[in-house]
J.: 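Starting off with a structure, shown below.
Counting begins at 1 with the first residue of the sequence. The structure displayed is predicted, hence computed values, not measured ones.
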Amino acid sequence: MQAAPVRATAIPSFSTALRAVESLLMSSGQRTARRNAWTSVLEDRRRAKDRVDVQRVLDQTFTVSS
C-alpha cells in the first residue's frame with residue numbers, strides 16, 4: 001500500500017485568497033482606497049475603545065474619592 005502524496009504548496013489563507021480575487025477584480029486605486037477605508041475603521045474602533053477605557057477609569061476615580 002502506498003502513502004498518500006504530500007502537497008508541496010501550502011493552502012493559502014482566506015485573506016490571501018480574498019486579496020488575490022480583489023486584485024483581479026479591482027484596479028489598484030480602488031484597492032488602495034478600500035484598504036485605507038478599512039484602516040480608518042480599525043483606527044476608529046481603537047479610539048472608541050480607548051475612550052471607553054478612559055471613561056471607566058474616570059468613573060472609578062471619582063466614585064472612590066467621593
J.: If you group Ile, Leu, Val, Met, Phe, Trp and Tyr whenever their side-chain heavy atoms sit less than 4.5 Å apart, what else falls in with V41?
T.: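 Cluster partners of V41: W38, L42.
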
J.: Should R31 and R35 count as side-chain neighbours, where that means a heavy-atom distance under 4.5 Å?
T.: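 Sidechains of R35 and R31: in contact.
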
J.: Can you list, by chain and residue number, the hydrophobic cluster partners of V52 when the side-chain cut-off is 4.5 Å?
T.: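 Noted: V52 shares its cluster with no other residue.
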
J.: Is there a side-chain contact between R56 and D53 (heavy atoms, below 4.5 Å)?
T.: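 Of all side-chain heavy-atom pairs linking D53 with R56, at least one is under 4.5 Å.
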
J.: So, R47 and D50, do they make that salt bridge, N to O below 4.0 Å?
T.: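 So R47 does not pair with D50 through a salt bridge.
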
